[in-house]
Amino acid sequence: RARERPALVPRIAELRAEHTEMLEAAERLIVAAEHAEHSSEVASGLEAFIRRFEAHEHRESALVREFLLGDADLHDS
């Protein structure tokens, strides 16, 4: 449905690429957690991942709002 709003295509592509990157990061965290002797060894990586995930979700939600509501309603939320 991106063809309905071609101006959004670059942001859609960027978010899709982040899905792959975040999946790879999550897999690395799982491996690190499996081999860590203490949870503190993976805590900072997990915190960084959560911050990145939350920022991604925020951008994704904004994109969906923009697609559904159009540019005019972006500043009302």
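Linking ILVMFWY side-chain heavy atoms closer than 4.5 Å, directly or via other members, places Ile30 and Leu23 in two distinct hydrophobic clusters. The cluster map of Ile, Leu, Val, Met, Phe, Trp and Tyr, joined by side-chain heavy atoms under 4.5 Å apart, puts Val9 and Phe67 in different clusters. In the hydrophobic clustering of this structure, Leu29 groups with Phe53; members are Ile, Leu, Val, Met, Phe, Trp, Tyr whose side-chain heavy atoms approach within less than 4.5 Å, directly or through other members. Taking hydrophobic clusters as Ile, Leu, Val, Met, Phe, Trp and Tyr residues chained together by side-chain heavy-atom distances below 4.5 Å, Leu68 shares a cluster with Leu8.
Of all the heavy atoms in Phe49 and Ala25, the pair that sits closest is CD1-CB, 4.0 Å. Closest heavy-atom contact between Ala33 and Val42: N-CG1, 3.6 Å.
For residues 16-38, every residue pair satisfying the side-chain hydrogen bond (donor to acceptor under 3.5 Å, both in side chains) rule, not counting sequence neighbours, is listed here: Glu18-His56, Glu18-Arg59, His19-His56, His19-Glu60, Glu21-Arg52.
The distance from the CD atom of Glu41 to the CG atom of Leu46 is 13.5 Å, given to the nearest 0.5 Å. Between the CD1 atom in Ile12 and the CZ atom in Arg5 there is a gap of 9.5 Å [rounded to 0.5 Å].
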